[in-house]
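Step one of this worksheet: look at the structure below.
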Amino acid sequence: MTAGTGHAPAPDPALLERLLPGYPAPRHWRRVPLTGQHYLDLGSGQPVLFLHGNPSWSYAWRGLLRRLSPHARCLAPDLPGFGLSRHLRPADGVPDPYEAQLEHLDILHRHLVRDEGLPERGWTFVLHDWGGPLGVAWALRNPGVVARLVVCNTVAFPFPDGFRLPLSLRWIRDHRPVSELVHATNAFARVAVRAGVHRPLLPSERRAYLRPYARRAERRAVTDAVRAIPRGPADPAWRLLEPPGGGAGLTDLPLLIGWGMRDPVFTPALLREWARRYPHAGIHRFPGAGHFVMEDATAELGDLIRDFLQGAP
């Protein structure tokens, strides 16, 4: 399954629906010429960039894209190494994985502005899981580009005192034999598509989430992302989230938080930290939603984001 620059050749619609139920048609599939990064491009109007986490990919946004593309230009990339973006290819002199991901976001933004005619500024970022720290770090490095933020079950600050990752994640992160076993069996992704939702996904949807990681060689980024989780407040990764020059950071940006309260990883303790740090944020709690809040609360979250884009309180 491939996506070319511009419009990709359309496979049989019935086959595509069986493989990726609900995913946008290939006419919306694009690639960044310089890096080959895959992204979706739907709708028109103000640009909204959706950044997924681990072990998901742009497939996670399919429901929100359907609801929001009539109101905005919706762009949903697969982070390098995930989904249909096969390999993370760091630029010369950028060996750090965080820096490499940020470099790819730079290239994606330049491509969309220069080649696709999108405005340089006035963007909305919708962030989930790993997309949160990456999107916020990029926004801080490029002040004025991002005009609004929507965050869903993610962090953009060091873990607060008393917070601990689940034991399973700590074992994968801290013990290479465990991470190699997880990598060999694809166990992390297989568990995530079940434990990450309150409303069970259809079997075909679970298969679609896992399809890009069916081969061992294609799932290295999934395990590496777990191993890259910061180990403490002094971890250098957190410095990426510090406003340069002592600036205001996110406090000047309109901020909407949609939170799945049944998330076993991003617990309500992290939501309370968001509220403490950003009292101006609009917060909506979804009691019946898990980690993949965009799956469990598609309609409600989509309506909230639509109103947020249109300036409604």
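Between Trp238 and Tyr98, the distance separating the two ring centers is not shorter than 6.0 angstrom.
Ser58 and Tyr23 form a side-chain donor-acceptor contact under 3.5 Å, judged by distance and modelled atom types alone.
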For residues 45-52, which side-chain donor-acceptor pairs fall under 3.5 Å, sequence neighbours excluded?
residue	atom	partner	partner atom	Å
Gln46	OE1	Arg148	NH1	3.2
Gln46	NE2	Leu309	O	3.4
His52	ND1	Ser56	O	3.3
His52	NE2	Leu79	N	2.9

Could you pull out every donor-acceptor pair under 3.5 Å between side chains of residues 289-301 and any protein atom, sequence neighbours left out?
residue	atom	partner	partner atom	Å
His291	ND1	Asp263	OD2	2.6
His291	NE2	Asp129	OD2	3.0
Glu295	OE1	Arg62	NH2	3.1
Glu295	OE2	Arg62	NH1	2.7
Glu295	OE2	Arg62	NH2	3.2
Glu295	OE2	Tyr209	OH	2.5
Asp296	OD1	His198	N	3.3
Asp296	OD1	Arg199	N	2.8
Asp296	OD2	His198	N	2.7
Asp296	OD2	Gly290	N	2.8
Thr298	OG1	Met294	O	2.6
Thr298	OG1	Glu295	O	3.3

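For the atom pair CG of Asn142 and CG of Leu102, the computed distance is 9.0 Å after rounding to the nearest 0.5 Å. Rounding to the nearest 0.5 angstrom, the gap separating the NE2 atom in His280 from the OG1 atom in Thr251 is 6.5 Å.
Here Arg276 pairs with Glu273 in a salt bridge; the nearest charged N to carboxylate O distance falls below 4.0 Å.
Within the structure, the side-chain hydrogen bond (donor to acceptor under 3.5 Å, both in side chains) test picks out no pair touching residues 155-168 (sequence neighbours left out).
More than 12 heavy atoms of other residues, nucleotides or ligands shown are found within 6.0 angstrom of CZ on Arg277. Annotation: Trp171, atom CH2; neighbour count of heavy atoms from other residues, nucleotides and ligands within 6.0 Å does not exceed 12.
You'll find the side chain of Phe157 stays beyond 4.5 Å of the side chain of Val136, heavy atoms only. Annotation: side chain of Met261 is in contact with side chain of Pro268 (closest heavy-atom distance under 4.5 Å). Side-chain contact between Leu140 and Pro244 is present, with at least one heavy-atom pair separated by less than 4.5 Å.
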* **Test side-chain contact (heavy atoms from CB on, under 4.5 Å) applied to Val150 and Phe125, step by step** => CA-CA 6 Å; Val150 179; Phe125 276 17; over 6 Å; no

* **Full working for salt bridge (charged side-chain N to carboxylate O under 4.0 Å, His left out) between Asp303 and Arg306** => CA-CA 5 Å; Asp303 290 347; Arg306 178 202 62 206; 3.3 Å; yes

* To do: Please lay out, stage by stage, how Ile229 and Phe159 fare under the test side-chain contact (heavy atoms from CB on, under 4.5 Å).
  => CA-CA 11 Å; Ile229 295 173; Phe159 296 129; 4.2 Å; yes

* Asked: Run the side-chain contact (heavy atoms from CB on, under 4.5 Å) check on Leu84 and Tyr59 step by step: do they pass?
  -> CA-CA 10 Å; Leu84 303 183; Tyr59 185 76; over 6 Å; no

* To do: Run the numbers on Arg141 and Leu240 for side-chain contact (heavy atoms from CB on, under 4.5 Å), then give the verdict.
  => CA-CA 9 Å; Arg141 290 185 174 196; Leu240 297 172; 3.4 Å; yes

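Panel note: side chain His28, backbone Gly43; no donor-acceptor pair is recorded below 3.5 Å.
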